[in-house]
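Worksheet for the structure shown next.
Since the structure is predicted, the reported quantities are computational estimates derived from the model, not experimental observations.
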Amino acid sequence: MTSTTSQAGFSRRGFLGLAGLAVTAAGLSACGGGGAAGNGGAAASASVTLPTYKEFTGVTPDIAGNAKGLQAAYFKLPTAVQSVKAPPLKGKVTGLTETFETMSPGLKDNPFWQRLNAKLGGDLELQIAEDIGDGYPAKFATVLASNDLPDMMWVPPNQGIPNVGPMLEAKFQDLTPYLSGDSVLEYPNLAALKPDSWKTAVVNGKIWGAPIPSTPFGQVYAGNHDVWAQVGGFEAANAEEFLEKAKELTRPGEQKYALEPAYINALHMVTEWFGAPNSWAVNKDRTLTHLYETDEYMAGVEFTAKMFAAGVFYPDAKASDIRTRVANGSVAAQVLVGPHDIRSYRALNKSAKFDILIPFSADGKVKPVYDMGYGTVGFTPFKKAEEGKIRELLALMNYLSAPFGTVEYMQKNFGELGQDYTLDASGNPALTEAGAINAPGLVSALNIMSSPENVIFNPGFDDDTRYVSRQEEKLLEFAWRNPTNGSYSDTNAKVGAKITKQLRDKVVDIITGRAKIDELKDAVKRWKSEGGDKMRDEYQAALDTNAPVFRS
């Protein structure tokens with residue numbers, strides 16, 4: 001399963017997995033999600049009272065999470081508890097969302113969907129776009145222009161939807177009176193969403209929808225344990241030592257290579273070793289400097305080019321079987337969406353061990369960083385309606401945001417026991433043949449528009465779960481968050497993806513030897529002139545007053 005990540009060229013497909021378990025679009029590049037800039041929006045958003053946070057305590061994790069971002073972890077599925085007292089729906093509710101899985105059968109032909117609706121007490125009807133080309137942005141624009149809006153429309157943070165502030169004001173319901181402060185306690189599962197998640201749903205000083213949390217962690221280098229053991233382990237004292245290990249593991253005659261050929265992903269890892277900022281750095285004077293403008297970024301590009309010249313990358317940049325190659329050891333390492341994603345190797349190799357690289361200093365002197373992810377995948381606003389309808393929609397989102405370990409979570413993600421899923425010998429869920437057809441596409445669509453806080457859950461692999469939790473703790477020691485997370489830049493929404501691709505294309509040319517490092521400065525100048533500087537202005541206007549200075 002692939003995922004969208006910060007500073008990476010992944011597709012968006014799959015950043016919320018089947019059950020929404022710690023699978024994410026962590027740290028989305030070219031994304032803005034919430035608090036608006038300009039016209040007083042920044043000041044208003046800074047003063048809004050976020051929903052009161054009340055942690056869900058219905059089940060006890062095997063490994064507790066913490067406020068710094070450590071995710072709660074479970075070794076097995078807990079006995080499910082009820083979190084919703086009554087069915088939320090009174091009639092029909094419509095919505096627009098997207099799926100990152102193969103489309104499920106429609107409502108009339110989908111018993112899984114029908115059983116969910118029976119539990120909801122009404123009819124949840126969804127228009128579902130597929131993650132193909134410009135599928136969702138095009139669908140969103142068409143629906144928005146029609147003036148025949150569904151009751152709910154997922155607003156993604158990374159798909160270039162422009163003019164979010166004016167759009168919300170014109171078409172959607174201000175939910176601040178229903179959700180701000182203690183008002184949210186009427187909807188306990190929404191109150192269990194953390195304040196950082198809610199920040200992405202605040203625009204112009206108003207709360208516009210329920211946020212969709214994702215793992216707070218960003219990309220990591222993952223390696224085949226047995227392969228790296230041949231060179232002293234998947235760790236290094238500095239960048240040169242890492243390269244020497246990679247060269248030792250690369251044996252073209254045996255079709256063995258150290259690293260996957262995802263050059264932008266590799267560069268992201270390298271820039272962390274050089275101590276580069278997570279997208280934007282807050283300066284002492286409260287201005288912002290972008291990653292691309294830093295000496296650390298240029299040093300990272302130069303070193304990644306040095307790795308390419310050494311031949312340590314797998315030679316086929318279009319290879320689609322890298323995960324399989326890491327699982328069998330013919331490629332030693334690849335960049336994953338986050339620490340939890342090492343579980344993806346288990347379907348390919350149940351007996352091997354896989355390691356997560358902790359960032360180290362490039363030269364033994366500079367302090368490395370670890371880039372945390374974006375933390376949410378947008379929010380779901382409601383079209384303007386009378387109070388009764390709004391409260392019905394809030395009750396629905398409360399049900400669909402039910403935490404891991406609840407009856408509602410199981411219904412949403414797995415369906416009915418014996419029909420949509422069974423339990424294995426350890427008591428963990430496995431979809432039936434019918435469930436595997438009817439559930440994944442719809443579950444993905446539901447989890448894209450509504451989700452609880454994520455947990456680590458990899459049933460049958462307790463050692464992996466313990467290991468991921470320990471590595472998350474280590475990563476948090478170096479953690480740095482993008483200070484613009486939760487801020488909105490209209491310029492970024494309009495042109496961010498385009499100008500970032502232009503720059504990355506040049507960077508890949510430099511890494512692979514088709515262009516000179518001197519060309520990077522001109523590429524950065526173009527990025528700035530075509531939107532980067534304007535994005536900076538918009539983000540600075542909305543900058544959180546508590547955002548820490550990157551280098552004191």
Given side chain to side chain contact (heavy atoms under 4.5 Å, CB included), test Asn447 with Lys412 step by step and report yes or no. CA-CA 9 Å; Asn447 280 319; Lys412 173 189 174 185; 2.9 Å; yes

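- By the neighbour-count criterion of 12 heavy atoms within 6.0 Å, atom NZ of Lys534 is sparsely surrounded, having that number or fewer from other residues, nucleotides or ligands.
- Closest approach of Tyr370 and Pro359 over heavy atoms only: CB-CG, 4.1 Å.
- At a cut-off of 3.5 Å, with distance as the only test, no side-chain donor of Ser444 or Glu101 sits close to an acceptor on the other residue.
- Between the Asp490 side chain and the Asn163 main chain, a donor and an acceptor come within less than 3.5 Å of each other.
- Between Ser450 and Leu400 the shortest heavy-atom distance is OG-CB, 3.3 Å.
- Contact annotation: the side chain of Ile207 approaches that of Ser180 to within less than 4.5 Å [non-hydrogen atoms, C-beta and beyond].
- Once rounded to the nearest 0.5 Å, the distance linking OG1 of Thr484 with CD of Glu538 reads 11.5 Å.
- Between Asp363 and Phe274 there is no side-chain heavy-atom pair separated by less than 4.5 Å.
- The CD1 atom of Ile128 lies 5.5 Å from the CG atom of Leu442; values are rounded to the nearest 0.5 Å.
- Here the side chain of Glu472 pairs a donor or acceptor atom with the backbone of Gln71 at under 3.5 angstrom.
- At least one side-chain heavy atom of Val524 sits less than 4.5 Å from a side-chain heavy atom of Glu293.
- Atom OG1 of Thr215 and atom CG of Asn454 lie 6.5 Å apart (nearest 0.5 Å).
- Although no hydrogens or angles enter the test, the distance criterion places no donor-acceptor pair under 3.5 Å between the side chain of Thr491 and the main chain of Gly531.
- The shortest side-chain heavy-atom distance between Ile517 and Met298 falls under the 4.5 Å cut-off.
- Using a 4.5 Å heavy-atom threshold, the side chains of Leu193 and Pro213 count as touching.
- Electrostatic pairing of Arg323 and Asp341 counts as a salt bridge here, judged by a charged N lying under 4.0 Å from a carboxylate O.
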Could you please spell out the steps behind the side chain to side chain contact (heavy atoms under 4.5 Å, CB included) verdict for Trp198 and Val184? CA-CA 11 Å; Trp198 282 105; Val184 77; 4.3 Å; yes

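- Atom CD1 of Ile342 and atom CD of Gln471 lie 8.5 Å apart (nearest 0.5 Å).
- Annotation: Lys54, atom NZ; neighbour count of heavy atoms from other residues, nucleotides and ligands within 6.0 Å does not exceed 12.
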Trace of the side chain to side chain donor-acceptor pair (under 3.5 Å) decision for Asp182 with Thr52: CA-CA 5 Å; Asp182 288 349; Thr52 299; 2.7 Å; yes

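- The aromatic rings of Tyr263 and Phe308 sit perpendicular to each other, their planes meeting at more than 60°, with 30° as the lower class boundary.
- The distance from the CG atom of Asn485 to the CG atom of Asn278 is 7.0 Å, given to the nearest 0.5 Å.
- Using a 4.5 Å cut-off on side-chain heavy atoms (C-beta onward), Lys68 and Leu70 make no contact.
- Using a 4.5 Å cut-off on side-chain heavy atoms (C-beta onward), Ser183 and Tyr178 make no contact.
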The test is side chain to side chain contact (heavy atoms under 4.5 Å, CB included); show your working for Leu446 and Leu126 and say whether it passes. CA-CA 9 Å; Leu446 290 168; Leu126 298 174; 3.9 Å; yes

In sequence, state the C-alpha distance, the side-chain angles, and the governing distance for Leu259 and Met307, and then conclude on side chain to side chain contact (heavy atoms under 4.5 Å, CB included). CA-CA 10 Å; Leu259 306 176; Met307 293 199 299; 4.2 Å; yes

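- Ion pair Glu169/Lys206 flagged as a salt bridge, since at least one NZ, NE, NH1 or NH2 atom sits closer than 4.0 Å to an Asp/Glu carboxylate oxygen.
- Between the Glu260 side chain and the Phe313 main chain, no donor and acceptor come within less than 3.5 Å of each other.
- The shortest non-hydrogen separation linking Trp154 to Gly378 is NE1-CA, 4.3 Å.
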Please assess Asn265 against Tyr221 for the test side chain to side chain donor-acceptor pair (under 3.5 Å), listing each intermediate value before the final yes or no. CA-CA 9 Å; Asn265 290 357; Tyr221 243 142; over 6 Å; no

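- In this structure, Trp273 has its ring center closer than 6.0 angstrom to the ring center of Phe242.
- No donor-acceptor pair under 3.5 Å is formed between the side chain of Thr500 and the backbone N or O of Ala497.
- Remark: aromatic rings of Trp208 and Phe172 are distant, center separation not under 6.0 Å.
- In plain terms, the two heavy atoms of Asn204 and Gly165 that are nearest each other are ND2-CA, 4.2 Å.
- Of the charged side-chain nitrogens involved, at least one lies within less than 4.0 Å of a carboxylate oxygen, so that Glu387 and Arg391 count as a salt-bridged pair.
- No donor-acceptor distance shorter than 3.5 angstrom exists from the side chain of Gln334 to the backbone of Val326, with no hydrogens or angles considered.
- Between the side chains of Ser197 and Glu453, at least one donor N or O lies within less than 3.5 Å of an accepting N or O.
- Taking the side chain as every heavy atom from C-beta outward, Ile212 and Ile448 never approach each other to under 4.5 Å.
- The two atoms that bring Val508 and Arg514 nearest to each other are CG1-NH2, 3.8 Å, heavy atoms only.
- Pairing each heavy atom of Ser214 with each of Thr376, the nearest pair is OG-N, 3.3 Å.
- Salt-bridge formation is detected for the pair Arg536/Asp533: a Lys NZ or Arg NE/NH1/NH2 atom is positioned less than 4.0 Å from an Asp or Glu carboxylate oxygen.
- Note on Arg526 versus Asp522: no salt bridge recorded, every NZ/NE/NH1/NH2 to OD/OE distance being 4.0 Å or above.
- With salt bridges taken as basic N to acidic carboxylate O contacts below 4.0 Å, none links Lys498 and Glu530.
- Side chain of Asp518 to main chain of Lys521: no donor-acceptor pair is present (N/O by atom type, distance under 3.5 Å, no hydrogens or angles).
- Side chain of Asn398 to backbone of Asn189: a donor-acceptor contact under 3.5 angstrom is found.
- Between Lys389 and Glu386 no salt bridge is recorded (no basic side-chain N to carboxylate O distance below 4.0 Å).
- Judged by distance alone, the side chains of Asn283 and Thr289 do bring a donor and an acceptor atom under 3.5 Å apart.
- No option in Asp371, Val335, Leu357 other than Val335 meets the side chain to side chain contact (heavy atoms under 4.5 Å, CB included) test with Met269.
- For the atom pair CE of Met449 and CE of Met152, the computed distance is 3.0 Å after rounding to the nearest 0.5 Å.
- For the residue pair Thr176/Asp174, the side-chain donor-acceptor check at 3.5 Å is satisfied.
- In this structure, the side chain of Thr94 engages the main chain of Asp151 through a donor-acceptor pair within 3.5 Å.
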